[in-house]
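Report on the structure given below.
This chain uses plain numbering: 1 for the first residue, then up along the sequence. Owing to the predicted nature of the structure, the values given are computational and were not obtained by experimental measurement.
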Amino acid sequence: MQLRYSFRIEPSPCQRIALARAFGCARVVFNDALRIREEAHARGVPFPKSGDLSRQVITEAKRTPERAWLAGVSAVVLQQSLRDLDTAYRNFFASVNGNRKGPSIGRPRFKTRRDNRQAIRFTANARWKITDDRRLSLPKIGEIRVRWSRELPSVPSTVTVVKDASGRYFASFVVETDPEGDAAAWPDADGFQGVDLGLTHFAVLADGSRVSSPRFLRRAEKKLRKRQRELSRKERGSRNRDKARVKVARAHARVADARRDFHHQLSTKLTRENQAVYVETLAVKGLARTRLAKSVHDAGWARFVDMLRYKAARYGRVFGQVPRTFPSSQLCSECGRRDGPKPLHVRTWTCGNCGSHHDRDVNAARNIVNEGIRHTMIVAEAACETAPTTPGPGAPAPAG
């Protein structure tokens with residue numbers, strides 16, 4: 001399994017200038033290649049091949065006075081910028097043809113220096129390395145100090161240097177993990193847990209425990225409003241406006257970092273302590289159109305579910321999602337009777353069949369884990385039935 005490990009880096013002033021030059025060169029190559037392809041599309045001719053495009057916007061461009069400064073950065077950075085353009089087009093065409101899962105992807109757009117995120121990528125061909133004193137050595141940039149928070153599980157294959165909207169720099173390493181080693185890293189668990197996600201409580205578990213919703217954005221709204229007012233009063237194009245913009249970006253970054261840390265801690269706890277974790281599929285896109293939109297985005301359910309999914313796959317746990325059409329709040333978790341829909345203000349109810357008294361959210365979490373286990377068993381039985389059988393020694397060969 002490939003994972004991405006991100007660490008904060010602290011480039012010196014000279015290194016920041018070199019990184020800004022690399023960001024700009026990668027951006028120019030990307031825009032030049034995009035312009036050539038868009039012009040070819042407008043003329044109705046086929047897109048130029050990647051090799052021809054690389055020769056035109058990199059090799060030949062370096063020999064011209066207008067693009068001679070492209071030679072000041074690593075050639076791998078420029079090549080990877082073209083790979084990013086190819087990936088953007090593949091995702092766009094897959095989205096148009098309906099072959100891509102998730103939200104639709106638009107056409108690749110031109111990049112600008114005002115983008116919130118600037119990034120360059122180095123592969124092994126660039127001969128970057130981690131030095132003996134734990135610094136990141138990048139070609140034509142130098143050795144950069146890294147804030148190591150943990151050890152890398154293996155030798156990374158690529159490193160991406162990112163500058164975010166708040167002016168922070170990060171080094172993102174892609175590493176390959178050992179599935180057997182990861183599965184043995186955590187102790188064995190035999191529990192099955194259902195998770196009912198919500199707004200009042202971020203998560204209600206099948207065992208009756210509740211996880212309060214931190215509401216990071218709501219708690220930071222007062223400071224964010226103040227920063228936004230300061231930004232709106234600054235003259236456009238001035239240095240003071242740029243300073244105010246960075247303050248707003250840093251305030252939002254603190255909220256995002258706190259939310260991400262909360263998601264990581266909770267997802268790790270659930271997957272470590274249980275063999276199987278089941279959640280309900282939520283219509284986040286639809287809920288984001290309601291009056292609860294800010295609270296829905298503040299909760300970050302989709303990111304949390306993604307963390308549960310990849311951590312379960314990495315450490316040998318089972319993760320499943322029950323369909324959104326499953327009536328988790330209408331079924332009695334004891335006898336299975338369906339009592340019908342209930343208004344949101346009804347938080348407790350009594351089953352008319354068996355007389356069991358239920359908390360709405362805890363009952364939903366129990367129904368989710370029961371449905372998840374049932375679906376997992378069905379999938380396992382179907383896999384056993386369709387698995388090919390290997391004839392034993394001495395068995396007759398199939399007729400040909």
Practice problem: Give a yes or no on whether the backbone of A94 and the side-chain of R100 come within a donor-acceptor separation of less than 3.5 Å. | Solution: no
Exercise. Determine yes or no for a side-chain-to-main-chain donor-acceptor pair under 3.5 angstrom, with R317 supplying the side chain and N274 the backbone.
Key: yes
Quiz item: Same cluster for V77 and L70 if Ile/Leu/Val/Met/Phe/Trp/Tyr side chains link at under 4.5 Å?
Solution: no
Quiz prompt | Selection residues 174-188 - residue pairs positive for salt bridge (charged side-chain N to carboxylate O under 4.0 Å, His left out), sequence neighbours left out | solution = D182-R314
Self-check item: T160 vs R4 side-chain heavy atoms within contact, under 4.5 Å
Solution: yes
Exercise. Verify the cluster assignment for M377 and F326: are they in a single hydrophobic cluster under the rule of side-chain heavy atoms below 4.5 Å apart?
Key: yes
Practice problem: Tell me, yes or no, whether the heavy-atom count around R107 atom CZ, taken from other residues, nucleotides or ligands under 6.0 Å, exceeds 12. | Solution: yes
Practice problem: Please confirm whether F319 and Y310 have ring centers closer than 6.0 angstrom. | Solution: no
Self-check item: Between S50 and D86: side-chain donor-acceptor atoms closer than 3.5 Å
Solution: yes
Practice problem: State whether the side chain of Q79 and the backbone N or O of S54 hold a donor-acceptor pair below 3.5 Å, judged by distance alone. | Solution: no
Practice problem: Determine whether more than 12 heavy atoms belonging to other residues, nucleotides or ligands lie under 6.0 Å from atom CG of N99. | Solution: yes
Quiz prompt | K234, NZ: over 12 other non-hydrogen atoms inside 6.0 angstrom | solution = yes
Self-check item: Residues that A253 engages under side-chain contact (heavy atoms from CB on, under 4.5 Å), provided they are two or more places apart
Solution: S166, R168
Quiz prompt | Residues, nucleotides or ligands: over 12 heavy atoms within 6.0 Å of K311 NZ | solution = yes
Self-check item: Any donor-acceptor pair under 3.5 Å from S95 side chain to N91 backbone
Solution: no
Quiz item: Do you see a donor-acceptor pair shorter than 3.5 Å between the side chains of S232 and R229?
Solution: no
Quiz item: N125: what forms a side-chain contact (heavy atoms from CB on, under 4.5 Å) with it, not counting sequence neighbours?
Solution: V76, T123
Self-check item: Atom pair CG/CZ of D359 and R210 - distance to nearest 0.5 Å
Solution: 4.0 Å
Quiz item: Between R117 and D115, does at least one N-O distance fall below 4.0 Å, as a salt bridge requires?
Solution: no
Practice problem: Check the surroundings of atom CZ in R145: do more than 12 heavy atoms from other residues, nucleotides or ligands lie under 6.0 Å from it? | Solution: no
Quiz item: Going by distance alone, is a donor N or O of one side chain under 3.5 Å from an acceptor N or O of the other, for S238 and N240?
Solution: no
Self-check item: Candidate pair R35 and D32, rule salt bridge (charged side-chain N to carboxylate O under 4.0 Å, His left out), full reasoning
Solution: CA-CA 5 Å; R35 185 178 299 107; D32 288 347; 3.1 Å; yes
Determine all donor-acceptor pairs shorter than 3.5 Å in which one atom belongs to a side chain in residues 212-226; sequence neighbours excluded.
residue, atom, partner, partner atom, Å
R218, NH2, S295, OG, 3.0
R219, NH1, P214, O, 3.0
E221, OE2, K294, NZ, 2.9

Exercise. Could you state whether F122 and V175 fall into the same hydrophobic cluster, counting links through intermediate Ile, Leu, Val, Met, Phe, Trp or Tyr residues with side-chain heavy atoms under 4.5 angstrom apart?
Key: yes
Self-check item: Side-chain (S81) to main-chain (A26) donor-acceptor, under 3.5 angstrom
Solution: yes
Quiz prompt | Any donor-acceptor N/O pair, T64 side chain to A61 backbone, under 3.5 Å | solution = yes
Quiz item: Think R360 forms a cation-pi with W349, using NZ or CZ under 6.0 Å from the six-ring centre and within 45 degrees of its axis?
Solution: no
Quiz item: Which hydrophobic side chains are connected to Y315, either touching it within the sub-4.5 Å cutoff or through other members that do?
Solution: W186
Quiz item: Are F173 and V161 joined in one hydrophobic group, where the rule is that I, L, V, M, F, W and Y side chains link up if heavy atoms are under 4.5 Å apart?
Solution: yes
Self-check item: Nearest non-hydrogen partners of A124 and W128, listed with the distance
Solution: N-NE1, 4.1 Å
Quiz item: Quick one: do R309 and D306 make a salt bridge, cutoff under 4.0 Å?
Solution: yes
Quiz item: Under the 3.5 angstrom rule, does the side chain of D261 hit a backbone N or O of D257 as a donor-acceptor pair?
Solution: no
Quiz item: Should the pair R324-E280 be classified as a salt bridge under the 4.0 Å nitrogen-to-oxygen rule?
Solution: no
Quiz prompt | Expected output: side-chain W148 to main-chain R134 donor-acceptor under 3.5 Å | solution = yes
Practice problem: Answer yes or no: is there an ion pair linking E273 with K269, defined by an N-O contact shorter than 4.0 Å? | Solution: yes
Can you list, pair by pair, the side-chain donor-acceptor contacts under 3.5 Å of residues 196-207, counting residues two or more places apart and other chains?
residue, atom, partner, partner atom, Å
D207, OD1, S209, N, 3.1
D207, OD1, S209, OG, 2.7
D207, OD2, Q193, NE2, 3.4

Quiz prompt | Electrostatic pair R55-D52, nearest N-O below 4.0 angstrom | solution = yes
